[in-house]
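For reference, the structure discussed in these notes is given below.
The residues of the chain are indexed from 1 along the displayed sequence. Every heavy atom of this structure was used, including side-chain atoms; hydrogens, water molecules and symmetry mates were not.
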Amino acid sequence: ISGSTFAHCNSLSSITIPESVTSIGENAFYNCKALKNITLPDNITTIERGTFEYCSALTSITIPNKVTTIKERAFADCSALNRVVVGKVVSKIYSDDYWDNSFYGCSNLKKVINYSKLDLYAGRDEYGCVAYYADKVLNMRDGEIVDNFFFSKYNACLEGCIEDNAELILPQDYKGQKYDIGAYAFRNSDLTSIEIPDGVESVESYTFYNCTSLSSVKFSSGLKRIGG
């Protein structure tokens, strides 16, 4: 797909790119204000400059596992973008100039799921500001996924979920043992109800901070501590 192929296509809302595509040019989808859903092909290796810049309706993006580089302003000012999955071999996310950061202005980007070896941490502006506004970064090398939930490999602690759902029923246990729910695990989520099973021993501080839609919480008899 050549550079600027779909630039300023303001009615384009969804596109699926075939796996035969191996490159997408600069500014290919620049200022596609209605573009909400896009599936990138597995065989691309670079997200070029400005590819999705000003795609203000785009909410989520998964970077394929062959992509090594995300260039300048690739997702800049994607104001609705709230979830990014960083692929396994990403090694460069442009951050040499603040205004040209790959994710500059993505102020709603609250969740980053990181399969790469990059050290991504919430609130830091390195690596193209991908995690600058994040409430939570789930670094896959530090844990594992069990039934859509991310558990730290260092302790029996549920740190967050991979796919956000309005209603959640948590696992009964973690590898046969009781577990805790970590701080900020569901912060700022659209969660409406949650059922906490007997296998949960404690719920840490700020776990449900600013969950403004949360209306129902069912606790179990096995819970020993909430916050503090």
**Request:** May I have the step-by-step check of salt bridge (charged side-chain N to carboxylate O under 4.0 Å, His left out) for Arg73 and Glu26, ending in yes or no?
**Result:** CA-CA 10 Å; Arg73 299 189 64 83; Glu26 291 187 3; over 6 Å; no

Around atom [atom1] of [X], are there more than 12 heavy atoms from other residues, nucleotides or ligands closer than 6.0 Å?
X	atom1	result
Asp190	CG	no
Phe208	CZ	yes
Phe151	CZ	yes
Lys153	NZ	yes

**Request:** Please assess Arg83 against Thr59 for the test side chain to side chain contact (heavy atoms under 4.5 Å, CB included), listing each intermediate value before the final yes or no.
**Result:** CA-CA 7 Å; Arg83 180 179 182 272; Thr59 58; over 6 Å; no

**Prompt:** Has the side chain of Tyr179 got a donor or acceptor atom that lies under 3.5 Å from a matching backbone atom of Pro171?
**Reply:**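 Judged by distance alone, yes, a pair lies under 3.5 Å.
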
Which pair of heavy atoms, one from [X] and one from [Y], lies closest together, and at what distance?
X	Y	answer
Ala28	Ile1	CB-CG2, 4.3 Å
Cys55	Leu35	SG-CD2, 4.3 Å
Leu138	Cys161	CD1-O, 3.9 Å
Tyr127	Asp119	CE1-O, 3.5 Å
Asn101	Ser95	OD1-CA, 2.9 Å

**Message:** Could you measure the distance from the CG atom of Asn31 to the CG atom of Leu12? Nearest 0.5 Å is fine.
**Reply:**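 One finds 12.0 Å between CG of Asn31 and CG of Leu12.
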
**Asked** If you measure from CG on Leu158 to OG1 on Thr207, what distance do you get to the nearest 0.5 Å?
**Response**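 Nearest 0.5 Å value for the CG-OG1 distance: 9.5 Å.
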
**Request:** Kindly work out whether a path of hydrophobic side-chain contacts (I/L/V/M/F/W/Y, heavy atoms less than 4.5 Å apart) joins Val84 to Val137.
**Result:**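 Val84 clusters together with Val137.
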
**Item:** Single-linkage hydrophobic cluster, 4.5 Å side-chain cutoff, Leu168 and Leu214 together
**Value:**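 Looking at the clustering, Leu214 is in the same group as Leu168.
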
**Item:** Modelled atom types, side-chain donor and acceptor of Asn139 and Asn114, under 3.5 Å
**Value:**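 Asn139 vs Asn114: donor-acceptor pair found between side chains.
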
**Message:** Under the rule for side chain to side chain contact (heavy atoms under 4.5 Å, CB included), what residues qualify as partners of Ser202, not counting sequence neighbours?
**Reply:**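 Side chain to side chain contact (heavy atoms under 4.5 Å, CB included) list for Ser202, sorted by chain: Asp180, Glu204, Arg225.
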
Does any part of the side chain of [Y], heavy atoms only, come nearer than 4.5 Å to the side chain of [X], both counted from C-beta?
X	Y	answer
Tyr94	Ile70	no
Phe219	Ile226	yes
Ile44	Ile17	no
Lys136	Glu159	yes

**Message:** Angle between ring planes, Phe149 versus Phe186, binned at 30° and 60°: parallel, tilted or perpendicular?
**Reply:**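 The rings of Phe149 and Phe186 stand perpendicular, inter-plane angle above 60°.
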
**Message:** Quick one, Asn188 with Asn210, criterion side chain to side chain donor-acceptor pair (under 3.5 Å). Give me CA distance, side-chain angles, the key distance, then yes/no.
**Reply:** CA-CA 5 Å; Asn188 286 329; Asn210 203 38; 2.6 Å; yes

**Prompt:** Do any pairs count as a ring-ring contact (aromatic ring centres under 6.0 Å, His included) and have a residue in residues 21-74, sequence neighbours left out, and if so which ones?
**Reply:**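 For residues 21-74, and leaving out neighbouring residues, the ring-ring contact (aromatic ring centres under 6.0 Å, His included) pairs sorted by first residue read Phe6-Phe29, His8-Tyr30, Phe29-Phe52, Tyr30-Tyr54, Phe52-Phe75.
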
**Request:** Begin with the C-alpha distance, continue with both residues' side-chain angles, and end with the deciding distance and a verdict on side chain to side chain contact (heavy atoms under 4.5 Å, CB included) for Lys92 and Thr46.
**Result:** CA-CA 10 Å; Lys92 170 67 174 178; Thr46 302; over 6 Å; no

**Message:** What verdict does the salt bridge (charged side-chain N to carboxylate O under 4.0 Å, His left out) test give for Asp164 and Lys111, after you've listed the backbone C-alpha separation in whole Å, the side-chain angles of each residue and the deciding distance to 0.1 Å?
**Reply:** CA-CA 10 Å; Asp164 293 325; Lys111 178 178 283 187; 2.7 Å; yes

**side-chain contact (heavy atoms from CB on, under 4.5 Å) partner of Leu40, the single match among Thr16, Val21, Ile24, Thr51** =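 Among Thr16, Val21, Ile24, Thr51, the one meeting side-chain contact (heavy atoms from CB on, under 4.5 Å) with Leu40 is Ile24.
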
**Asked** Which is it for Tyr209 and Tyr184 under the ring pair (Phe, Tyr, Trp, His ring centres under 6.0 Å) test, yes or no, and what are the steps along the way?
**Response** CA-CA 7 Å; Tyr209 182 83; Tyr184 302 106; 7.1 Å; no

**Request:** Report the C-alpha distance between Phe103 and Val130 in whole Å, list the side-chain angles of each, state the deciding distance to 0.1 Å, and finish with yes or no for side chain to side chain contact (heavy atoms under 4.5 Å, CB included).
**Result:** CA-CA 5 Å; Phe103 292 88; Val130 65; 3.6 Å; yes

**Message:** Applying salt bridge (Lys or Arg N to Asp or Glu O under 4.0 Å), can you list everything that pairs with Lys175, at least two apart in sequence or on another chain?
**Reply:**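 Glu144.
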
**Request:** Could you tell me whether Arg49 and Glu72 have a side-chain N and a carboxylate O separated by less than 4.0 Å?
**Result:**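 Yes, charged N to carboxylate O under 4.0 Å.
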
**Message:** For Asp42 and Lys66: C-alpha separation, side-chain torsions, deciding distance, then whether side chain to side chain contact (heavy atoms under 4.5 Å, CB included) applies.
**Reply:** CA-CA 7 Å; Asp42 290 337; Lys66 291 184 181 179; 5.6 Å; no

